[in-house]
Amino acid sequence: MTDSQEKLGIALSNLPAEELAVLLRVHAVNEEVSASVRKSLLEGVLRRCPICLEDIDLALEICDGLRAGDVSRCRGCRSPVHRLCASAHVLAAVDHGRDPVCPVQRCCRLWPEEVLAWSLDKEQRAHYDRARSALEELRQSPVARGSAGPEPRSPRLAAAMEG
């Protein structure tokens with residue numbers, strides 16, 4: 001057992017019953033199985049990045065340049081996420097007009113600013129901010145609000161048509 005697995009087991013053992021019940025529900029762990037099986041199943045889920053599905057400890061061992069600080073956890077479901085996975089997930093979400101949320105299906109908690117700051121480098125953050133701005137502009141347009149008006153155009157399309 002690795003040091004991080006041991007710490008995870010201790011952390012799960014010290015969780016209040018209500019919080020443990022929420023984690024079991026979010027991660028779809030059957031509450032009818034024995035407590036030791038529930039703990040083992042939950043520990044397994046909480047050791048894997050929900051984006052790449054790699055075990056966090058294994059990834060730290062085999063990936064050059066990956067450090068313990070390159071992993072963070074969702075506040076809602078406590079799933080660990082690699083920095084590179086998080087940045088790809090955030091950029092894909094914003095490029096598709098969605099808010100960046102936890103990829104765990106039953107969690108879907110909006111990722112806070114600190115996760116964005118942690119996961120995105122300067123260039124990625126500039127891309128994210130531009131895309132968010134364009135998305136907000138589109139959401140505020142008269143057509144998006146249901147008012148009659150000209151054919152809806154995204155800011156990118158408008159720039160392309162002007163240039």
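All figures in this text were calculated on a predicted structure; none of them were measured in a lab.
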- Query: More than 12 heavy atoms of other residues, nucleotides or ligands under 6.0 Å from CD of Glu136: is that the case?
  - Reply: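 Yes, because the 6.0 Å sphere around CD of Glu136 holds more than 12 heavy atoms from other groups.
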Quiz item: Are Val101 and Ile51 linked, directly or through other ILVMFWY residues, by side chains that come within less than 4.5 angstrom of each other?
Solution: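 Shared cluster, no.
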Check for me, please, whether Leu135 and Leu91 land in the same ILVMFWY cluster - side-chain distances under 4.5 Å, paths through other members count.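 Unlinked, Leu135 and Leu91 end up in two clusters.
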Under a 4.5 Å cut-off applied to non-hydrogen side-chain atoms, are [X] and [Y] in contact?
X      : Y      : result
Pro100 : Tyr128 : yes
Ser72  : Val81  : no
His127 : Asp95  : yes
Arg75  : Val115 : no

With rounding to the nearest 0.5 angstrom, report the [atom1] to [atom2] distance, [X] to [Y].
X      : Y      : atom1 : atom2 : result
Ile56  : Arg47  : CD1   : CZ    : 10.5 Å
Gln124 : Ser87  : CD    : OG    : 4.5 Å
His89  : Cys102 : NE2   : SG    : 7.0 Å
Arg109 : Cys74  : CZ    : SG    : 6.5 Å

Determine whether Cys107 and Ser79 satisfy the following criterion, side-chain contact (heavy atoms from CB on, under 4.5 Å), listing intermediate values before the conclusion. CA-CA 10 Å; Cys107 179; Ser79 290; over 6 Å; no
| task | With salt bridge (Lys or Arg N to Asp or Glu O under 4.0 Å) as the test, would you mind laying out the steps for Arg125 and Glu113 before giving the verdict? | result | CA-CA 11 Å; Arg125 183 56 193 241; Glu113 173 60 34; 2.8 Å; yes
Quick one: does [X]'s side chain have a donor or acceptor within less than 3.5 Å of a partner on [Y]'s backbone?
X      : Y      : result
Arg106 : Cys77  : no
Arg83  : Trp118 : yes
His96  : Ala92  : yes

Subject >> Residues in side-chain hydrogen bond (donor to acceptor under 3.5 Å, both in side chains) contact with Glu123, at least two apart in sequence or another chain >> reply: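 Scan of Glu123 (side-chain hydrogen bond (donor to acceptor under 3.5 Å, both in side chains), adjacent residues dropped) gives none.
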